[in-house]
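What follows is a short report on a single structure.
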2 protein chains.
Amino acid sequence: MSVSDLFEGDIVEAGAQVRIEPIQQRSTARLSGLLDAAAVVVDEVGFDRITTAMVAERAGASIGTVYRYYPDRVAVLHALRERAIQRYRLRVAREIKLADPKTAWETIDCAITAFVEMYRTEPGFRIMHFADRERLPISSASPADGIEVGFLAGQLAIALSERFGLPYGPDLLFRLEVMVEMAAAVLSRGFQSNVLGDERYIAEARRVIAVYLAGYYGEELEQDGAAVPVLESAE
Amino acid sequence: MSVSDLFEGDIVEAGAQVRIEPIQQRSTARLSGLLDAAAVVVDEVGFDRITTAMVAERAGASIGTVYRYYPDRVAVLHALRERAIQRYRLRVAREIKLADPKTAWETIDCAITAFVEMYRTEPGFRIMHFADRERLPISSASPADGIEVGFLAGQLAIALSERFGLPYGPDLLFRLEVMVEMAAAVLSRGFQSNVLGDERYIAEARRVIAVYLAGYYGEELEQDGAAVPVLESAE
DNA sequence: CTTCCATGATTGAGTTCCGATCGGTGACGA
DNA sequence: TCGTCACCGATCGGAACTCAATCATGGAAG
């Protein structure tokens with residue numbers, strides 16, 4: 001089983017997203033068209049100001065059509081987020097196939113690269129960072145572990161343990177969860193003032209994550225010839 | 001000049017927050033009462049679902065009063081965020097007075113402690129992490145540096161350079177900006193599933209920031225017997 | 001110290017606008 | 001050709017927001 005396969009499967013939808021599953025073909029196009037419109041509108045006016053009318057108009061549909069598929073305004077945003085997550089996962093998979101990572105770090109780096117790519121090409125991707133996550137239960141792995149795991153941390157944990165022998169368990173999940181939060185925060189900060197993404201923040205995100213990973217699992221790490229500060233295994 | 005003084009002054013309000021500055025005393029109470037109500041409502045129903053009617057009722061005021069002070073619904077949220085920032089700054093000042101930090105790291109650690117305290121005691125503090133920051137320009141220091149600096153990073157930069165000799169400049173600002181993002185992200189994650197704050201995330205946030213700081217400015221020191229990277233008074 | 005009143009503060013019914021519905025119409029596919 | 005799917009948009013309910021009337025305050029005048 002290839003690492004990238006992990007990122008290509010379907011994940012269970014958390015809660016009913018759409019009211020009606022599309023049957024005919026045109027409706028599938030409508031559905032994604034609505035989300036496309038929502039994505040653009042989000043970029044244009046922000047979350048607070050988005051209205052269903054805007055989405056409908058932008059999608060060339062009527063109000064009723066929006067409500068045929070989504071129960072309310074926020075459900076549209078949730079769906080947008082879900083789709084963004086799905087697409088991000090696919091992009092990670094693609095990136096992994098492309099880069100063929102030989103280490104755990106390179107694998108994680110693929111996830112970072114994919115994240116940056118998404119920010120640059122996917123309208124409305126900011127929703128990943130800014131949406132109110134409280135009310136967006138994500139598919140969690142094992143609450144019994146005393147930690148709810150986001151989709152990315154969960155998938156990476158499986159990939160890294162199976163492929164590169166990192167010991168699977170609460171510790172790995174926790175650390176990946178921390179990594180995901182840190183990387184997402186710094187990267188998003190890089191896109192806050194610069195739509196193309198401030199390269200300094202992007203580079204720093206990579207470096208920070210590399211150091212963090214090395215601190216727990218790695219020895220020394222070379223990158224571009226420059227000596228990167230590395231953390232020794234604590235304890 | 002004490003370090004904590006830096007965190008006690010007033011900062012310029014970014015954009016007109018309130019329509020009318022309160023003159024009489026009772027109105028000041030009303031204003032903060034409205035924000036108190038908003039904070040509670042935010043915690044209860046989330047951002048999307050908050051209504052001006054809820055805020056008014058919870059504050060024991062009428063709808064009209066809300067609109068006397070705030071131009072619209074989102075303005076209330078913005079004001080709530082501004083106040084949270086103000087209170088956080090005061091709390092950092094208090095924490096610094098209390099802990100009397102001897103190193104740059106200890107100073108930053110005060111900011112972390114204050115952040116955790118705020119999460120625990122200040123209703124609606126989540127707004128710091130979840131609000132759409134795009135439309136909330138914060139008082140920036142010097143856009144000419146090629147980097148917009150958040151209030152915290154800016155203040156910390158001044159404090160750390162003046163008190164502990166860290167070289168002031170774009171690099172320091174950038175690194176503090178990164179630190180702020182990382183710490184806020186990990187800490188907020190710790191409060192996502194646990195209202196009291198998951199201690200593992202809090203501890204990890206401290207550790208990560210300490211390591212990051214040490215990576216640029218520090219050597220190693222001892223703390224609590226365990227080898228924890230700590231920053232010496234630089235220079 | 002009391003009265004008085006200009007002005008700040010508050011109210012809540014009313015207006016506008018947006019979120020959401022639903023019955024009617026058109027389009028697909030079998 | 002008919003049953004079902006998809007779409008529309010007038011319409012309703014409720015939330016955002018206004019404003020003219022009313023109340024409260026605190027300082028000035030006596």
Side-chain angles (χ1 to χ4, degrees), chain A residues 15-42 44-81 127 131-132 135, chain B residues 15-42 44-81 127 131-132 135:
Chain A
Q17 288 293 332
V18 294
R19 288 175 142 175
I20 285 182
E21 210 61 28
I23 309 286
Q24 300 178 6
Q25 253 196 345
R26 57 170 172 163
S27 67
T28 340
R30 260 272 182 263
L31 221 164
S32 69
L34 285 175
L35 290 188
D36 290 343
V40 174
V41 174
V42 159
E44 277 180 4
V45 305
F47 298 94
D48 316 330
R49 312 287 189 180
I50 196 174
T51 71
T52 49
M54 290 181 194
V55 175
E57 187 191 357
R58 175 76 54 153
S62 73
I63 283 291
T65 302
V66 175
Y67 285 97
R68 172 173 178 78
Y69 294 108
Y70 301 104
D72 60 15
R73 197 181 61 97
V74 295
V76 177
L77 292 172
H78 289 199
L80 181 60
R81 183 183 160 87
I127 202 172
D132 191 342
R135 321 230 148 231
Chain B
Q17 288 293 334
V18 294
R19 288 174 142 178
I20 283 182
E21 209 62 28
I23 308 284
Q24 298 179 7
Q25 254 196 345
R26 59 171 171 165
S27 68
T28 341
R30 260 271 182 265
L31 221 164
S32 70
L34 285 174
L35 290 187
D36 291 342
V40 173
V41 174
V42 159
E44 278 180 5
V45 305
F47 298 95
D48 315 328
R49 312 288 187 181
I50 197 174
T51 72
T52 49
M54 289 181 195
V55 175
E57 188 191 355
R58 175 76 56 153
S62 72
I63 281 290
T65 302
V66 174
Y67 285 96
R68 172 172 176 79
Y69 294 108
Y70 301 104
D72 61 15
R73 198 181 61 95
V74 294
V76 177
L77 267 60
H78 289 199
L80 181 61
R81 183 182 161 86
I127 202 172
D132 191 342
R135 322 234 146 226

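Note that the coordinates shown come from a computational prediction; the quantities given were computed from them, not determined experimentally.
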Open item on the list: Just to verify, what does B/Thr65 make a side-chain contact (heavy atoms from CB on, under 4.5 Å) with, not counting sequence neighbours?
Closed with: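 With sequence neighbours excluded, B/Thr65 shows a side-chain contact (heavy atoms from CB on, under 4.5 Å) to B/Arg30, B/Leu34, B/Ala61, B/Ser62, B/Tyr69, given in chain and number order.
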Open item on the list: Which residues pass the side-chain contact (heavy atoms from CB on, under 4.5 Å) test with A/Thr51, not counting sequence neighbours?
Closed with: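 If we apply the side-chain contact (heavy atoms from CB on, under 4.5 Å) test to A/Thr51, skipping adjacent residues, the hits are A/Ala53, A/Met54.
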Task: Touch class at under 4.0 angstrom, heavy-atom based, for B/Arg30 against every strand present - done: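 B/Arg30: backbone/sugar contact only, no base atoms under 4.0 Å.
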Whole angstroms only, please: what is the [atom1]-[atom2] distance between [X] and [N]?
X       : N      : atom1 : atom2 : value
A/Tyr70 : C/dC18 : OH    : C1'   : 20 Å
A/Tyr69 : D/dC8  : OH    : C1'   : 13 Å
A/Glu57 : C/dC18 : CD    : P     : 12 Å
A/Leu31 : D/dC5  : CG    : P     : 16 Å

TODO: For the helix from C/dC1-D/dG30 to C/dA30-D/dT1, figure out the bend between the end axes, five pairs an end, and round to 10 degrees.
DONE: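 The angle, to the nearest 10 degrees, is 20°.
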TODO: Would you name the heavy atoms of A/Ala37 and A/Val55 that are closest together and state the gap between them?
DONE: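 Scanning both residues completely, I find the closest heavy atoms to be CB-O, 3.5 Å.
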- [ ] Can you run down the salt bridge (Lys or Arg N to Asp or Glu O under 4.0 Å) pairs that involve residues 60-79 of chain B, sequence neighbours left out, and say none if there aren't any?
- [x]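 Every pair satisfying salt bridge (Lys or Arg N to Asp or Glu O under 4.0 Å) with a residue in residues 60-79 of chain B: A/Arg49-B/Asp72.
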Task: Qualifying residues under salt bridge (Lys or Arg N to Asp or Glu O under 4.0 Å), relative to B/Arg58, sequence neighbours excluded - done: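 Applying salt bridge (Lys or Arg N to Asp or Glu O under 4.0 Å) to B/Arg58 gives B/Glu44.
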Task: Nearest-0.5 Å distance, CG of residue A/Leu77 to CD1 of residue A/Ile50 - done: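 Taking CG in A/Leu77 and CD1 in A/Ile50, the distance rounds to 5.0 Å.
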Task: Gap between atom CD1 of A/Ile127 and atom CG of A/Leu80 - 0.5 Å precision - done: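 A/Leu80 CG to A/Ile127 CD1: 4.0 Å, rounded to 0.5 Å.
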Extract from the structure each pairing of a protein N or O with an N or O of nucleotides 9-16 of chain D at less than 3.5 Å, listing the distance.
from: D/dG9; atom 1: O6; to: A/Gly64; atom 2: N; distance (Å): 3.4
from: D/dA16; atom 1: OP2; to: B/Thr52; atom 2: N; distance (Å): 3.1
from: D/dA16; atom 1: OP2; to: B/Thr52; atom 2: OG1; distance (Å): 2.9

Task: Close side-chain approach of A/Leu31 and A/Tyr70, heavy atoms under 4.5 Å - done: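 In contact.
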Between the protein and nucleotides 20-27 of chain D, are there any N/O to N/O pairs under 3.5 Å, and if so, what are the atom names and distances?
none

